[in-house]
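Structure first, commentary second.
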Protein chains: 2
Amino acid sequence: MISNKARYAFRALLTVAAAPEGEAVTSAEIARRYNIPHKFLEQILLDLRKAGILDSRRGKSGGYVMLRPADTVSFGEVLRIFEGPLAPLPCLSRQSYRRCEDCVSEAQCEIRREFGRAYDASRAVLDTRTIGDALTNSAYGTPWRREERQAG
Amino acid sequence: MISNKARYAFRALLTVAAAPEGEAVTSAEIARRYNIPHKFLEQILLDLRKAGILDSRRGKSGGYVMLRPADTVSFGEVLRIFEGPLAPLPCLSRQSYRRCEDCVSEAQCEIRREFGRAYDASRAVLDTRTIGDALTNSAYGTPWRREERQAG
DNA sequence: CTAAATGCCTACTTATTGAATAGGATAAAG
DNA sequence: CTTTATCCTATTCAATAAGTAGGCATTTAG
């Protein structure tokens with residue numbers, strides 16, 4: 001299970017990414033819409049800004065906008081911000097490799113081999129699918145897309 | 001990251017499964033071999049026995065043996081014993097489904113859809129690969145297999 | 001210029017979980 | 001009847017999850 005924090009982050013990101021270009025979305029609006037504790041969400045949005053994914057505007061008519069295009073932000077990248085390494089074993093993480101204390105021979109470790117497969121399979125999804133992908137073909141989509149669909 | 005507990009469980013299971021048929025392996029032996037806290041490992045082996053995966057013999061010349069054949073025990077099954085549901089979201093778990101508090105429409109939730117893909121990919125490995133599979137082609141293998149290889 | 005609305009930042013709390021540690025009870029073999 | 005194992009329960013300690021709280025800083029509408 002991923003943490004609530006991470007889930008809220010995705011909820012917020014998808015909302016900001018789906019908003020019309022250049023239009024800022026406030027933390028209060030997101031919190032209200034998805035029933036997320038407001039102050040908690042603020043911390044999360046702050047993390048996303050520090051990670052260089054969101055940009056923010058303060059004061060009246062402030063809020064959050066995408067800093068990078070939504071289709072350059074993968075689910076894996078976001079997840080790592082809030083959950084740390086996604087690898088199921090320390091010895092499988094490239095970013096923060098650590099030997100397992102109970103490991104005799106890493107090269108011949110069956111646990112490592114099998115979880116390596118699982119990790120690869122999972123990464124093939126998480127590191128390729130982006131926030132943008134998720135919104136394309138979404139029932140929500142961006143507002144203008146929704147109207148497009150109704151019109152067509 | 002999976003817990004130490006789960007990793008120790010795999011270590012123990014692979015060891016017992018690799019032992020010659022009918023030969024019991026003691027918790028002390030496993031603990032020594034892999035540098036696992038003995039008393040902690042005892043609890044883990046107990047869980048595996050209660051789950052119907054291992055059988056145990058008490059007293060002198062006691063220890064643990066497989067209750068079910070190693071190739072009927074999947075990595076996913078073992079993992080679930082120690083980690084609970086593997087689903088990344090409560091709404092994706094069949095065993096213990098729970099709605100996300102911040103969900104507006106489950107059927108149209110992009111987060112659910114994308115993590116569903118990741119979960120499927122991961123399960124395709126974890127729920128098909130077994131302890132037996134992992135030992136086949138293993139550099140360790142079972143003792144008699146190792147000798148076979150050296151001989152051939 | 002001022003007030004209101006918004007984001008920014010830090011500290012604190014509370015409950016749960018992970019990772020053991022501890023101490024003995026029970027059973028089987030020799 | 002002693003040794004060697006498993007079996008069972010309780011306790012500890014640290015880290016993490018999931019918020020709560022309170023105020024500072026900035027922008028803009030009036």
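Each chain gets a letter, A, B and so on, in the order the sequences are listed, and its residues count up from 1.
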Write out a two-atom table: protein N or O, nucleotide N or O from nucleotides 18-20 of chain D, distance below 3.5 Å.
from, atom 1, to, atom 2, distance (Å)
D/dA18, OP2, A/N4, N, 3.1
D/dG19, OP2, A/N4, ND2, 2.8
D/dG19, OP2, A/Y8, OH, 3.2
D/dT20, O4, A/Q43, NE2, 2.4

Exercise for review: Kindly say whether B/G132 contributes a backbone atom to a donor-acceptor pair with the side chain of B/T136 at under 3.5 angstrom?
Suggested key: yes
Exercise for review: Kindly say whether A/T15 contributes a backbone atom to a donor-acceptor pair with the side chain of A/R11 at under 3.5 angstrom?
Suggested key: no
Output the rounded distance in Å from [atom1] ([X]) to [atom2] ([N]).
X	N	atom1	atom2	answer
A/M1	C/dT16	CE	C1'	15 Å
A/R32	C/dT6	CZ	C1'	16 Å
B/L54	D/dC7	CG	C1'	14 Å
A/L45	C/dC8	CG	P	9 Å
B/E42	C/dG23	CD	C1'	12 Å
A/E29	C/dG7	CD	C1'	16 Å
A/L46	D/dA25	CG	P	15 Å
A/F82	D/dA17	CZ	P	12 Å

Exercise for review: Check whether any side-chain N or O of B/R49 sits under 4.0 Å from OP1 or OP2 of D/dC8, and answer yes or no.
Suggested key: yes
Review point. Does D/dT6 have OP1 or OP2 sitting under 4.0 Å from an N or O in the side chain of B/S56?
Key: no
Review point. With the sugar-phosphate defined as primed atoms, P, OP1 and OP2, and the base as all remaining atoms, what B/S/- string results for nucleotides 25-30 of chain C, 5' to 3', for protein heavy atoms under 4.0 Å?
Key: -BBBS-
Are [X] and [Y] side-chain neighbours, meaning at least one heavy-atom pair lies under 4.5 Å?
X	Y	value
A/S3	A/E83	yes
B/M1	A/P88	no
A/D120	B/V125	no

Check your understanding: Is it the case that B/T130 and B/D133 place a side-chain donor and acceptor less than 3.5 Å from each other?
Key -> yes
May I have the list of side-chain donor-acceptor pairs in residues 59-71 of chain B shorter than 3.5 Å, sequence neighbours left out?
from, atom 1, to, atom 2, distance (Å)
B/R68, NH1, B/E77, OE2, 2.8
B/R68, NH2, B/T72, O, 2.7
B/R68, NH2, B/E77, OE1, 3.0

Practice item. Assign the ring pair A/F10 / A/F75 to parallel, tilted or perpendicular, where the plane angle (0 to 90°) is split at 30° and 60°. Key: parallel
**Study point:** Pairing of B/R112 and B/E106 as salt bridge, 4.0 angstrom limit
**Key:** yes
